[in-house]
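All remarks here apply to the structure that follows.
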Amino acid sequence: RPPRSTPKPSSAASDVYKRQVHGDYLIDMESIDWSQPIRDGTTIMAVVYDGGVMLGADSRTTGGALIYNRVSDKIEPIHKRIFCLRSGASAHTQKIAQLCRLYIGQLGSELEETPPVYSAAKIIQSFIYNYKSFLSAAMICAGWDPIKGPQIYTIPLGGTLVRENIATGGSGSAYMSGFCDTHYKAGMTRKECRDFMIQSISLAMFRDSSSGGIIRLLDITKDGVSREYISHDQLPLKQNNYSQSCLLYTSDAADEGLGVDLGGR
Amino acid sequence: TQSTWDQGFVIKMAGSGYDYDVSTLSPEGKIYQVEYAMKATENSSTILGMVCKDGVLLGTEKLIVSEMMVSGSDRRVYSVTKQIGMVITGLLPDGRCLIDRAKEESASFQKQYGIPITGKVLADRIAQFMHMNTIYLWARPYGCNIIIAAFDEFGGPTLHLIDPSGQCFGYFGCAAGKGRQIARNEIEKLGAKNLTCKEAAFNMAKILHKCHEEMKEKKFELEMSWICPETGMTHQMLPKDMQKEMEIRAQETLEKEAMADVQSQIMKNINICLLYTSDAADDTPCVDLGGRRIIKKKK
């Protein structure tokens, strides 16, 4: 959505922050819209592989142009073998995940069994559907249960509930959909799945301004859950790939064809 | 001093003073109102349930109150969900109220969690609900025993018996009502865990007829239901013709067993007795075991 412009009254104290010198450039802080809700702009993804399900997410939480948290964790635990990925307004998704955790905890102790992943997805759906005019939340619920094995359920903005073997979400998912469609295959091994997800999420982070930071991965199998993160220097596509190859030319240097060295001098 | 109400009582009740409401404990630590509620079920129709190799069975015997009543209208066995059934005994209106409650619990569980309620969870919730009526002054306990038979993905086939105090246990075979002692003995002897539902259903009909023997002169009918592969693991009443055929067979078998009992009693008292004709009796060495006379040719 385009940022809303709100009237900004200026007082003496805030004048200090109106202009900041950043290198050679002056940034007019007033023109940045600070009133934007904090969002998990996001790239989130979940894939079922042979033996479990793997969840992946970027780690950028934005509020308008400001990155509030560059190492945020968008993978929320719901139960021992059930997790959900959050995208949309952070406050909304955190609250929904918290309530889901509460209800699934109750279900687990009443059943005295591992609760079904479907029930967790149903609870998330009931919130997103019934309060859809107030919420801006799209979530992916994934996990393992003894009856149906590894499962993934997507609950997008309107509140539909769909079971899938590969699910993507967030603003970055549009940039990796072609890659996913081409390279996904059913029944991958854990290593293949991990490599596939790291590649897709870095593609999305490379192009989407609301996604970035590190890649967080979570692996859920019958035997347990393991977490890892891929830090920025290990990403296949580095953020500053192009900037290294883009040099500044002053107009003078451009006239002197061969007389320009790499520094632009 | 006794109040004017007490003048109508002939028998002085066991509780005497501690039994006027359910929120009072007696000095021995009993709640008499709950015990009286249990008495309401002790003299009522027998209900029983069995877990078999491939499913669960429920059954009850009911006295035919009137020849003018439409048969099948006095229902005791109900389906709570597709895969859960309940049978009631005792104060029947109380029981039907509990069945309504069970249907509500199942519906709200399914709405919230998306999966059908399991037998164990439903039994626990109904037991809690019945127990609630044993702690408040303004309510009386439910005067009924109920058996809940269920099949679900988590526990397989399950059976739970709940009594008016709110106690709920899981069973392989259970019974309540008038004929519970006979029924429990028979169920234990049967070992239904090794029988299929079809085989065990015949035995259940037999047990129910046996429980009814003391009141042979009063007409009665059976209500039986099952959850088994033949019904796709859903709760259904036994097909009418199958039930009729089983009842006829059960009655015949019971009669045969009764005859066999009588015969074995008689046989114990009979000794082998040989026939002697009066002649043979005189000729002592000339009688063989058949009682025939041996004629020796005298040379």
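In the text below, chain A, chain B and the rest are named by the order of the sequence lines, each starting its count at 1.
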Using a 6.0 Å cut-off, check whether atom [atom1] of [X] has over 12 heavy atoms from anything other than its own residue.
{"X": "E153(B)", "atom1": "CD", "value": "no"}
{"X": "K193(B)", "atom1": "NZ", "value": "no"}
{"X": "F202(B)", "atom1": "CZ", "value": "yes"}
{"X": "R227(A)", "atom1": "CZ", "value": "yes"}
{"X": "K80(A)", "atom1": "NZ", "value": "no"}
{"X": "Y171(B)", "atom1": "OH", "value": "yes"}

Interatomic spacing from CD in Q112(B) to CD in Q106(A) - rounded to 0.5 Å: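 Taking CD in Q112(B) and CD in Q106(A), the distance rounds to 7.5 Å.
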Spatial distance of atom CG (D152(B)) from atom CD1 (I147(A)) [nearest 0.5 Å]: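 D152(B) atom CG to I147(A) atom CD1 measures 8.0 Å (nearest 0.5 Å).
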Side chain, backbone, both or neither of L107(A) within contact of chain B (heavy atoms, under 4.5 Å):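 Contact with chain B involves both backbone and side-chain atoms of L107(A).
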Chain B contact via E112(A) - which portion, at a heavy-atom distance below 4.5 Å: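 Just the side chain, heavy atoms under 4.5 Å.
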Intermediate values then yes/no, side chain to side chain contact (heavy atoms under 4.5 Å, CB included), K122(A) and Y113(B): CA-CA 6 Å; K122(A) 200 83 174 62; Y113(B) 296 119; over 6 Å; no
Pairwise side-chain contact, P116(A) with F154(B), heavy-atom cut-off 4.5 Å (strictly under):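 Yes, close enough: below the 4.5 Å cut-off.
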Heavy-atom pairs under 4.5 Å with chain B, option from T114(A), L111(A), I123(A), L161(A) with the top count: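 Of the options given, most contacts go to L111(A).
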K120(B) with E110(A): basic N within carboxylate O range, under 4.0 Å: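 So K120(B) does not pair with E110(A) through a salt bridge.
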